[in-house]
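For reference, positions follow the sequence shown, starting with 1. Quick note: numbers below take in every heavy atom, side chains included, and nothing from hydrogens, waters or symmetry partners.
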Amino acid sequence: MKRSLFLILLMAITSFSIAQSKNSNTKPNIIIINMDDMGYGDTEPYGMTGVNTPHFNQIAQEGMRFTNFNAGQAICTASRAALLTGCYPNRIGMSGVLLPGAHHALNPNEETIASLLKKNGYKTANYGKWHLGNQLPYWPTNYGFDEFYGIPYSHDVWPIDYDGYSKVTDSKDMRSSFPPLPLISNTTIIDTIENIKDASKLTTLFTEKAIGFIKKNKKDPFFLYLTHPLPHAPLAVSDKFKGKSDLGLFGDVIMELDWSIGEIMKTLDKEGIAKNTVLILTSDNGPWLVFGDNAGSSGGFREGKSTTWEGGTRVPFLIRWPGKINAGTVNSSLMTNMDLLPTIAAITGASLPKNQIDGLNFLPLLTGKTTNGPREIFYYYFGVGSNNLEAIRYKHWKLVFPHKGTTYNKKLQGKDGLRGEGASAEFSMALYDLAHDPGEVRDVQQLYPEIVAQIQKIADTAREDLGDDLNQKVGKNVRKPATY
C-alpha cells in the first residue's frame, strides 16, 4: 500500500515537472494595441454613444483606465517614436510626420521596447502601420522586431482621391506625387494597397497575423505590437461590419477594431496565457477633426490632432494584467506613452536603454504599491519641420505659450469622407487649471502669477535640454535621427 502511494506521488510530481517544462514562460507577455487617430472619446469607457464597444469595456472592467494619458506628440511619427523609445520625439530628431519625400528615420542606435525585450529572451513582432522609416534598412526588423507585416506609413499616403478609387491628377495636390501604398512582409514588398476596398481588409489581416503570432509563441515570452491603421481617414471597414452601427461608417470602423481586440482576448484565453499577459490599448494622437463625421471625438477636450491642446495629445489608455492590476480601477495620474518603455522594462526585468530617456516607471502605481504616479511635468512640443515648445503641464496646471497653430474651429469640417478646410490661429499665453477647466476655456494667469512663474522656470529647463524654435534655443541634449 505504501509503495502504491509512493508511486502515485512520484507520478504526480513527474507530471507536474513535465507540465512546467512545457510552459516555462514565467516572464509576462506584452501586447500593445495602438490605434491611429482614435480620439479620447471614441469608445464607451470614455463616453462614446451610438456604437457598442464590449471588448474595450471588458478591458476597462478587468484592468485600469487612465484619464490623463498623453501621447508624446500629437502626430503619427513623433508619437510612435515616443512610445517605442521612451523619449520626447524631439530628443531623437523625430518630430512631426514622415512623408515619402523624407530623408530621415528613427536612428537604429536608439533602443526600443522591442530591442530591449528581444535581448531579454522575448519573441517580437509588429503588425500594422510602422511610420518611423520609409525605406530599407529603416523598417521594424532593424529595431528589434523579429517579424513585421504591414504598411510603412498611413494608408492615406497614396495617390488615391477621397472617393477611395480615383487617381489624384492635380499636380498642386501633393498626393499626386505619392507612390502606391506597399504591403510589406519583413523586408520585402509583397503587394500594393490599390484602393479603399483593399484597405478595408487591413484590420482583419493584421488581427489574423497577431493571432498566429500568439499561437506560435505561446510557450515563450513575447512582445506583440499591433498598430492598426484605423480609425485614421480614409475610413475603411470590412463587409462584416459595414452598416452595423448607429454612427455611420466611423462607428462601423470602431466596432471592427473592438472585434479585433475581442479576437486577441479570445486567443489569450484559449491558449491559457491571459493571466500572464499585459494587454495595453491606446492611440497615437487625438482625432483628425478636419474630416468631420469621418473623424472621432476628443471627448470634449479642446481641438484635436496636430495641436498641443488636450484634444491633440490626451488619448485613451487601458491596461489589463490579471492578478497584478486591480480590476475596474480608474486612475487620474498624469502619464504619457513615453512611460511605457521603463514600465515594461520593470515588468519584464529588461534593462533600460544606455542613452537618456524621458519615460518614468509606473509599475508601483499599476500594482497598487503607491497611489501617486511619478510624473508631474509634461512638455507639449509640436512642429512639422520645427521644434516649438507650445505648452507645459505641471500637475493639474497647463501654461500655454504664445504660438501659431492649427485650429478646427474656424472652417467647415468635412463630411462623408471629404476633407474640410484647415485653418491656423495665433494663440496668446494662457494658464489653465485642468482640474476645473479641462476644456481649456478660462485663462487664470492673472489669478495665479506664482504658478506662471513656477512653470516658466520649468520651461527654461526644457529649452536648455531640448531646445525651442519659438525662443531660438538649441537643445544641448538632442540626438540625431538616421539620414539618407
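Aromatic ring centres of Trp130 and Tyr138 lie farther apart than the 6.0 Å criterion allows. Taking the six-membered ring for Trp and the full ring otherwise, the centers of Tyr127 and Phe206 sit at least 6.0 Å from each other. Between Phe378 and Tyr380, a ring centre-to-centre spacing shorter than 6.0 Å is recorded.
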Check step by step if side chain to side chain donor-acceptor pair (under 3.5 Å) holds for Asp161 and Ser166. CA-CA 5 Å; Asp161 212 341; Ser166 304; 6.0 Å; no

Do Ser333 and Asn331 pass the side chain to side chain donor-acceptor pair (under 3.5 Å) test, and can you show the C-alpha distance, the side-chain angles, and the key distance before you say yes or no? CA-CA 6 Å; Ser333 296; Asn331 199 285; 2.7 Å; yes

Start with the C-alpha distance between Asn70 and Thr313, add both sets of side-chain angles, then the distance that settles side chain to side chain donor-acceptor pair (under 3.5 Å), and finish with yes or no. CA-CA 5 Å; Asn70 285 264; Thr313 62; 2.7 Å; yes

Show your reasoning for whether salt bridge (Lys or Arg N to Asp or Glu O under 4.0 Å) applies to Arg320 and Glu62. CA-CA 6 Å; Arg320 184 187 76 168; Glu62 296 176 355; 2.7 Å; yes

I'd like to know whether Thr207 forms a side chain to side chain donor-acceptor pair (under 3.5 Å) with Ser260, so could you lay out the CA-CA distance, the side-chain angles of the two residues, the decisive distance to 0.1 Å, and finally the verdict. CA-CA 6 Å; Thr207 302; Ser260 171; 2.7 Å; yes

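Scanning for side-chain hydrogen bond (donor to acceptor under 3.5 Å, both in side chains) contacts around Arg393 gives Asn68, with sequence neighbours left out. Scanning for side-chain hydrogen bond (donor to acceptor under 3.5 Å, both in side chains) contacts around Tyr394 gives Gln454, with sequence neighbours left out. By the salt bridge (charged side-chain N to carboxylate O under 4.0 Å, His left out) test, Arg375 is found to be paired with Asp339, residues two or more places apart in sequence or in another chain being considered.
Annotation for Asp293 and Asp416: closest pair OD1-N, 2.9 Å, computed over non-hydrogen atoms. The minimum heavy-atom distance between Leu257 and Phe56, with the atom names listed, is C-CE1, 4.5 Å. Counting all heavy atoms, side chain and backbone alike, Ile193 lies closest to Leu183 at CD1-CB, 4.4 Å. Of all heavy-atom pairs spanning Asp37 and Cys76, the tightest one is OD1-SG, 4.3 Å. The minimum heavy-atom distance between Phe301 and Gly311, with the atom names listed, is CB-N, 3.6 Å. Between Glu310 and Lys398, the shortest heavy-atom contact is OE2-NZ, 2.9 Å.
Between the side chains of Ser95 and Asn90, no donor N or O sits under 3.5 Å from an acceptor N or O. Using modelled atom types and a 3.5 Å distance limit, the side chains of Glu303 and Thr407 yield a donor-acceptor pair. The closest side-chain donor-acceptor pair between Thr367 and Lys369, if any, does not fall under 3.5 angstrom.
Figure legend: cation-pi geometry between Lys118 and Phe223 absent, as NZ or CZ is not positioned both under 6.0 Å from the six-membered ring centre and within 45° of its axis. A cation-pi contact, defined as under 6.0 Å to the ring centre and within 45° of the axis, links Arg65 to Tyr46. The cationic atom of Lys209 (NZ for Lys, CZ for Arg) lies less than 6.0 Å from the six-membered ring centre of Tyr149 and within 45° of the ring axis. Relative to the six-membered ring of Trp259, Lys240 meets both conditions, a distance below 6.0 Å and an angle of at most 45° to the axis. In this structure, Arg175 is positioned above the aromatic face of Tyr162, its NZ or CZ under 6.0 Å from the six-membered ring centre and within 45° of the axis.
Taken to the nearest 0.5 Å, the NZ atom of Lys215 stands 11.0 Å off from the CD1 atom of Ile273. How far CG of Asn409 is from CZ of Arg302: 7.5 Å, rounded to the nearest 0.5 Å. Rounding to the nearest 0.5 Å places CG of Asp146 at 3.5 Å from OG1 of Thr124. Distance check, rounded to the nearest 0.5 Å: OH of Tyr88 to CD of Gln73 gives 11.0 Å. Separating the NE2 atom in His55 from the CD atom in Gln61 is a distance of 11.0 Å, to the nearest 0.5 Å.
Checked options Tyr40, Phe362, Phe317; the residue passing with Phe69 is Phe317 (criterion: ring-ring contact (aromatic ring centres under 6.0 Å, His included)). Evaluated for a salt bridge (Lys or Arg N to Asp or Glu O under 4.0 Å) with Glu271, the options Lys218, Lys266, Lys219 yield exactly one hit, Lys218. Applying the side-chain hydrogen bond (donor to acceptor under 3.5 Å, both in side chains) test between Thr227 and each of Asp36, Asn34, Asn126 identifies Asn126 as the sole match.
In this structure the side chain of Ile264 reaches within 4.5 angstrom of the side chain of Ile211, judged on heavy atoms. Here the side chains of Trp158 and Pro180 are not in contact, with every heavy-atom distance at 4.5 Å or above. Counting only heavy atoms from C-beta outward, the side chains of Ile280 and Trp321 never approach each other to under 4.5 Å.
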